[in-house]
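Start at 1 and go down the list; that is how both ligands and their atoms are numbered. Side chains included, hydrogens not; waters and symmetry mates left out as well; all remaining heavy atoms used.
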Amino acid sequence: MSLTYLISLPSYYLPLKMLELKEAPTLYQEIQHLKKEKNAVILAHYYMPPELQLIADKGGVADFIGDSLGLSVEATKVKEQNIIFCGVRFMAETAKILSPEKNVFIPDNDAGCSLASSITAQDVKNLKQKYPGVPVIAYVNTYATTKAECDICCTSRNALNIARSFDSDTLIFIPDVHMGRNLQKKITAETGKKLILWNGVCEVHEQFSEMSMKAFKEIYPNAEFLLHWEVPQEAVSASLDERKGVLGSTNDILKYVGESKSKQFILASECDLGATLKGMYPNKEFITPCIKCPQMKKINLENLLQTLESIGTEKASKYEICLDADTIRRASVPIKRMLKFV
Ligand code: 13P
Ligand code: SF4
């Protein structure tokens, strides 16, 4: 990647409140109106397009915006009968597992995740056969049937504490190999524990390379680095050796910026997290190669409106998350264990 290419990439986002002026107000109004009529709540992940990251009481439509752990917790508290999940399928499945009595919908049932599709329930059974007795930690970015075979789930926010909590000196961590290597470095240094890893990758975060991070470092000598756990280790070292910053969860990234005195940051995570950051910290600058998750971007205001319209009609099945009772029962065990580590 040449330096000229990097410089030409988008480097900032509008504060979120300014989006109100740009987006079609009628679409927002229709969604807000239907939400009440259909007794629905909208939960949105930080990787949603900026127009879906605007909270309802500021003129947007989302009732809650958060990381995957925050959204899981919120899903257990909602009073409305219908939950519309603006995120990817494994997240909506988690909401359904935690609230099986509710109807959970996703505006595009094909919004997947390269990590979740990298491993099946049978793969986990094979791992358990190969390493008998070794606890299996499943990153929440897995499908319900895979989770059902695991001992505990984790998200990027609580992965370290969950790994620390086991007495076993060896743990299986699935499916993200890069996150696993980053966690392993910390865990081994702290406790000597060893992680057995799967070979899954996030199609977004794996694109942050050693070369691009070195180039950013050269172009922006005073910027600090914000890296998600899912970024490859070589890119992490190229960023954080001799430069300040954070390697962690989405939540860690948001917190770090709030506590740092720096005014300029290089974001090595999903591009639209830049919108959240700019909305929270309008006086700081965020630079990113702007790599977007194609799965998250399948959700938009139009299919969100169609989902709401479908509730109570035969078209609802196109958007509804349906899991069999046995999968819900079995997958809820590792998810509920994870929620003790919020
Ligand atoms: P968080 O757990 O930080 O919300 O991340 C979810 C995700 O999909 C990361 O790519
Ligand atoms: Fe999956 Fe990566 Fe997209 Fe997150 S950013 S949903 S891990 S593909």
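Ring centroids of Y143 and F90 are separated by 6.0 Å or more, keeping the two rings apart.
Between D252 and K255 there is no salt bridge, since none of the side-chain N atoms of the basic residue sits less than 4.0 Å from a carboxylate O of the acidic one. Using a cutoff of 4.0 Å between basic side-chain nitrogens and carboxylate oxygens, K298 and D110 are not scored as salt-bridged.
Neither the backbone nor the side chain of E270 has any atom closer than 4.0 Å to an atom of ligand 2 (non-hydrogen atoms only). Within the 4.0 Å heavy-atom criterion, the part of Y47 lying near ligand 1 is the side chain and not the backbone. When heavy-atom distances to ligand 1 are checked against a 4.0 Å cut-off, R157 has no atom that comes that close, whether in backbone or side chain. No part of E270 comes within 4.0 Å of ligand 1, judged by heavy-atom distances.
Take a cut-off of 2.8 Å around atom 1 (Fe) of ligand 2: the protein N, O or S atoms inside it are C113 SG.
For ligand 1, the atoms closer than 4.0 angstrom to any heavy atom of H205 are 10 (O). Each of the following atoms of ligand 1 lies closer than 4.0 Å to a heavy atom of H228: 3 (O), 5 (O), 9 (C). Of all atoms in ligand 1, numbered sequentially from 1 with element shown, those under 4.0 Å from a heavy atom of S156 are 1 (P), 2 (O), 3 (O). Close approach of ligand 2 to E230 is summarised as follows: ligand atoms under 4.0 Å from at least one heavy atom of the residue are 7 (S). Close approach of ligand 1 to N141 is summarised as follows: ligand atoms under 4.0 Å from at least one heavy atom of the residue are 7 (C), 8 (O). Short contacts between ligand 1 and D67, defined as distances under 4.0 Å to a heavy atom of the residue, involve ligand atoms 4 (O). Within the listing of ligand 1, atoms 1 (P), 2 (O), 4 (O) sit less than 4.0 angstrom from a heavy atom of S68.
Here the side chains of N109 and R89 are in contact, with some heavy-atom distance below 4.5 Å.
Closest to atom 6 (C) of ligand 1, if we only count protein heavy atoms, is H45 NE2, 3.8 Å. If you check which protein heavy atom lies closest to atom 10 (O) of ligand 1, you get E230 OE1, 2.9 Å. Looking only at heavy atoms of the protein, atom 3 (O) of ligand 1 is closest to T250 OG1, 2.4 Å.
Checking side-chain atoms of S332 against main-chain N and O of R329 turns up a donor-acceptor pair under 3.5 Å. Between the side chain of K147 and the backbone N or O of A138, no donor-acceptor pair lies under 3.5 Å. Although no hydrogens or angles enter the test, the distance criterion places no donor-acceptor pair under 3.5 Å between the side chain of Q184 and the main chain of I196. Put simply, the side chain of T191 never gets that close to the backbone of T188: no donor and acceptor are under 3.5 Å apart.
Ring geometry for H228 against H205 counts as tilted: the plane angle lies between 30° and 60°, on a 0 to 90° scale.
As summarised for C271 and C290, their two SG atoms come within a distance smaller than 2.5 angstrom, satisfying the threshold.
Between T276 and Y47, the side chains place no donor N or O within less than 3.5 Å of an acceptor N or O (distance only, hydrogens not considered). Remark: the T307 side chain and the S310 side chain contain no N/O donor-acceptor pair separated by less than 3.5 Å. Between Y28 and E51, the side chains place no donor N or O within less than 3.5 Å of an acceptor N or O (distance only, hydrogens not considered).
Annotation: S249 places no N or O atom under 3.5 Å from an N or O atom of ligand 1; distance criterion only.
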